Amino acid sequence: MLPAQPSEPTIASLRDVSGDSLARYWTFYWAVAAAQLARWLPRRPSRVLDVSGGRCAAQAAEAGHTVLEVRDPGRADAGERPAKGTAIPLIGDTGTLAFLADASMDAVIAENRVLSRHLATESTVAEIARVLRPGGRVLLCVDSLTLGMALLAERNYWAHLSDVPSAEVVLVPWPDGTITRSFSAHQLRELLADAGLEVEWVRPRTVLSPSMVEHVLAGSPRALARLVRTELNAPNPDESLGIHLLASARRRAKA
């Protein structure tokens with residue numbers, strides 16, 4: 001069963017020339033996300049914190065973990081209850097985590113671009129590092145610089161776009177009035193390292209292009225599983241590709 005899919009803002013660069021909304025690609029995207037999470041989750045029952053807005057808690061709980069599912073008040077109705085396992089819902093500030101003790105979690109899931117929505121990302125990542133036990137891991141997903149630049153170009157923010165190469169922080173206004181933060185792979189690695197986390201890997205969410213996925217699935221809907229396997233097994237994917245970056249990092253063990 002795939003996790004519940006949150007609403008995802010769409011932009012013209014993620015539509016094909018016929019104006020199609022790339023529904024097949026998004027089906028593939030969420031299948032890849034579920035498979036990536038399944039691969040990443042601890043093998044033994046663990047205490048897992050999910051700040052993703054409900055998308056991943058059910059999957060982690062059904063894998064046998066005890067999941068503390070923290071949601072911001074405005075997103076309190078997102079997600080779904082697991083068929084088995086333990087998921088404990090909690091309404092709180094996913095940006096501060098002040099209600100959690102130090103080193104109280106074995107793993108943290110910060111999926112669904114949640115760290116791009118917290119513009120003071122350094123503070124949120126520092127809190128994630130604080131609540132992780134030594135050796136604990138975090139899985140996170142953020143908007144890529146590729147997506148940020150596409151949005152700026154699409155809205156004719158040429159002055160903003162010209163500043164991107166030298167900018168330490170790239171904030172991107174969306175058509176719906178929200179603002180998110182985009183990252184290059186280098187910026188993401190630096191962000192995690194500054195919080196005392198050892199980066200295990202950074203990769204784009206998907207390497208296969210939307211147009212290629214649409215073409216294959218239009219001709220053979222049963223090819224989805226094969227495409228997902230191809231994506232998961234892609235060797236050394238180019239970190240500059242894709243609209244979202246996925247990363248795994250570990251809290252350094254005490255000396």
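In this text the structure is predicted, and so the values were computed from the model without any measurement.
Gln187 places a side-chain N or O within donor-acceptor distance of the main-chain N or O of Ser184, the cut-off being under 3.5 Å. Using a distance-only test at 3.5 Å, with no hydrogens or angles considered, a donor-acceptor pair links the side chain of Ser52 to the main chain of Ile109. Side-chain atoms of His244 do not come within 3.5 Å of backbone N or O of Cys141 as any donor-acceptor pair. Although no hydrogens or angles enter the test, the distance criterion places no donor-acceptor pair under 3.5 Å between the side chain of Ser46 and the main chain of Pro42. Panel note: side chain Gln59, backbone Leu37; no donor-acceptor pair is recorded below 3.5 Å. Thr121 contributes a side-chain N or O that, together with a main-chain N or O of His118, makes up a donor-acceptor pair within less than 3.5 Å. Of the possible polar contacts, none joining the Glu198 side chain to the Arg251 backbone as a donor-acceptor pair under 3.5 Å is found. Although no hydrogens or angles enter the test, the distance criterion places a donor-acceptor pair under 3.5 Å between the side chain of Thr27 and the main chain of Ala23.
The CG atom of Leu115 lies 12.0 Å from the CG atom of Leu245; values are rounded to the nearest 0.5 Å.
Side-chain contact between Leu145 and Val164 is present, with heavy atoms from C-beta onward closer than 4.5 Å. Side-chain contact between Phe28 and Glu214 is absent, with no heavy atoms from C-beta onward closer than 4.5 Å. Taking 4.5 Å as the limit, every side-chain heavy atom of Arg113 sits out of range of all side-chain heavy atoms of Val142. Put simply, the side chain of Leu100 reaches to within 4.5 Å of the side chain of Leu49, judged on heavy atoms.
Under the 4.5 Å side-chain heavy-atom criterion for grouping Ile, Leu, Val, Met, Phe, Trp and Tyr, Leu119 is not connected to Val170 through any hydrophobic cluster.
Across Leu246 and Glu111, no two heavy atoms sit closer than the pair CD1-OE2, 3.6 Å. Considering every non-hydrogen atom in both Met105 and Val48, the closest pair reads SD-C, 4.0 Å. The shortest non-hydrogen separation linking Ala98 to Arg130 is CA-NH2, 4.0 Å. Contact record, Pro210 with Leu22: CB-CD1, 3.8 Å, taken as the closest heavy-atom pair. Contact detail for Trp174 and Thr180: the closest heavy-atom pair is NE1-OG1, 2.7 Å. Between Val67 and Ala60 the shortest heavy-atom distance is CG2-CB, 3.7 Å.
For Ala247, the side-chain contact (heavy atoms from CB on, under 4.5 Å) partners are Leu140, Leu188, Leu192, Val202, not counting sequence neighbours. In terms of the side-chain contact (heavy atoms from CB on, under 4.5 Å) criterion, residue partners of Thr146 (sequence neighbours excluded) are, by chain and number, Ser144.
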(message) Show, in sequence, the C-alpha distance, side-chain angles and deciding distance for Arg133 and Asp106, and conclude whether the salt bridge (charged side-chain N to carboxylate O under 4.0 Å, His left out) test is met.
(response) CA-CA 6 Å; Arg133 64 167 176 78; Asp106 298 313; 2.7 Å; yes

(request) Starting from the C-alpha separation in whole Å, work towards a yes-or-no answer on side-chain contact (heavy atoms from CB on, under 4.5 Å) for Leu41 and His65. (result) CA-CA 9 Å; Leu41 283 169; His65 304 292; 4.0 Å; yes

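Within a 6.0 Å radius of CZ in Arg222, other residues, nucleotides and ligands contribute 12 heavy atoms or fewer. Other residues, nucleotides and ligands contribute more than 12 heavy atoms inside 6.0 Å of the CZ atom of Arg252.
Applying the side-chain contact (heavy atoms from CB on, under 4.5 Å) test between Val138 and each of Val125, Val51, Val108 identifies Val108 as the sole match.
Looking only at atom types and distance, the side chain of Tyr25 has no donor-acceptor partner in the side chain of Ser209 under 3.5 Å away.
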